[in-house]
Amino acid sequence: MIEENVKKLLSEIPEKNAFGEKVTLVAAVKLQDAKDINRAIKAGITDIGDNHVQEFKDKYDEIDGSPRRHFIGRLQTNKIKYLLGKVDLYHSADRFNLAEELSKRGASAGISSNILLQVNIGNEDTKGGFDYGDAEKACKIISQLPALKIKGLMAMLPFIDDTKELTNLAVKMRALYDKLKDEYNFEYLSIGMSGDWKLCIDAGSNMIRLGTSIFGARNYNKQ
Ligand SMILES: *Cc1c(COP(=O)(O)O)cnc(C)c1O
């Protein structure tokens, strides 16, 4: 099933978005065991994204090949040490003290980290990220930190069914991305999950994070 899901997705996802940018599929692997992740990799997944540091650590040596590694979950500063140097892109730089600590620890280890600034586009209490109106200023401040490189923006759209509203929010994210991308050499706009990736790509996303549509519904009782 995983193999078929990956193949189907890879055939459905356009190679490029409307802006001519390559679209990258990141498999969201939370709660999946290494065996299933490796099946996805074998079927063509090149990028995997973890949410939980413990899971990342536990499975690290069991992952086949050398997929690009993304960290997409909320990160506590005291766990940075387990990820440093092993993550290609942190999607969830959602607050100043995380960025500062990632830079500080990276600087002392001689490791520069690539991050995306997370924006709380739906203004939701349940989600992390900078307020939309604060993101530009946050970018300016965080870009001064020595051991970080801001590669773009990330957001999670609200879990609502209103396609029009979701599209509005995704378009708003793209507008912010376009405003900042030349100044900071942005490469990635990471929006889009299993339920909304099509409209996100149409709005200008170039990186989508899919879990359910690759692995099926997550079993939260497993842990
Ligand atoms: C779980 C998760 C996803 C994938 O969600 P699905 O709806 O299963 O595709 C994407 N992004 C983040 C940050 C996640 O935590």
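Numbers here simply count residues along the sequence, with the first being 1. Just follow the structure's listing: the first ligand is 1, and inside any ligand the first atom is 1. All values below come from the heavy atoms of this structure, side chains included, with hydrogens, waters and symmetry mates left out.
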Practice problem: May I ask you to identify the nearest protein heavy atom to atom 5 (O) of ligand 1, giving residue, atom name and distance to one decimal place in Å? | Solution: Met193 CE, 3.4 Å
Quiz item: To the nearest 0.1 Å, how far is atom 1 (C) of ligand 1 from its closest protein heavy atom, and which atom is that?
Solution: Lys30 NZ, 1.2 Å
Quiz prompt | Electrostatic pair Arg39:Glu3 at N-O distance under 4.0 angstrom | solution = yes
Quiz prompt | atom 13 (C) of ligand 1 [closest protein heavy-atom partner, distance rounded to 0.1 Å] | solution = Ile72 O, 3.4 Å
Quiz prompt | Under 3.5 Å: N/O of Gly195 near N/O of ligand 1 | solution = no
Practice problem: Find all atoms of ligand 1 within a distance of less than 4.0 Å from any non-hydrogen atom belonging to Leu210, and give their numbers and elements. | Solution: 9 (O)
Self-check item: Any donor-acceptor N/O pair, Asp33 side chain to Asp36 backbone, under 3.5 Å
Solution: yes
Quiz item: Have Arg209 and Ser190 got a donor and an acceptor in their side chains that come within less than 3.5 Å?
Solution: yes
Exercise. Answer yes if the side chains of Asp58 and Gln54 hold a donor-acceptor pair under 3.5 Å, and no otherwise.
Key: yes
Quiz item: Among protein heavy atoms, which sits nearest to atom 9 (O) of ligand 1, and what does the distance come to when rounded to 0.1 Å?
Solution: Ser194 OG, 2.5 Å
Quiz prompt | Interfacing atoms of ligand 1 (cut-off 4.0 Å, heavy-atom, Ala28) | solution = 3 (C), 4 (C)
Quiz item: Just by modelled atom types, is the Ser213 backbone N or O under 3.5 Å from a matching donor or acceptor in the Ser194 side chain?
Solution: yes
Quiz item: Has Arg218 got any heavy atom lying under 4.0 angstrom from an atom of ligand 1?
Solution: yes
Quiz item: Gly211 heavy atoms, cut-off 4.0 Å: which ligand 1 atoms fall inside?
Solution: 4 (C), 6 (P), 8 (O), 9 (O)
Quiz item: Thinking salt bridges, do Glu21 and Arg174 make one under a 4.0 Å N-O criterion?
Solution: yes
Practice problem: If you have a sec, work out which protein heavy atom is nearest atom 11 (N) of ligand 1 and how many Å separate them, to one decimal? | Solution: Arg209 NE, 2.9 Å
Practice problem: Ignoring angles and geometry beyond distance, decide whether Thr212 reaches within less than 3.5 Å of ligand 1 through its nitrogen or oxygen atoms. | Solution: yes
Quiz item: Using a distance-only test with no angle check, is there a side-chain donor-acceptor pair under 3.5 angstrom linking Asp50 and His70?
Solution: no
Quiz item: Under the 3.5 angstrom rule, does the side chain of Asn38 hit a backbone N or O of Glu62 as a donor-acceptor pair?
Solution: yes
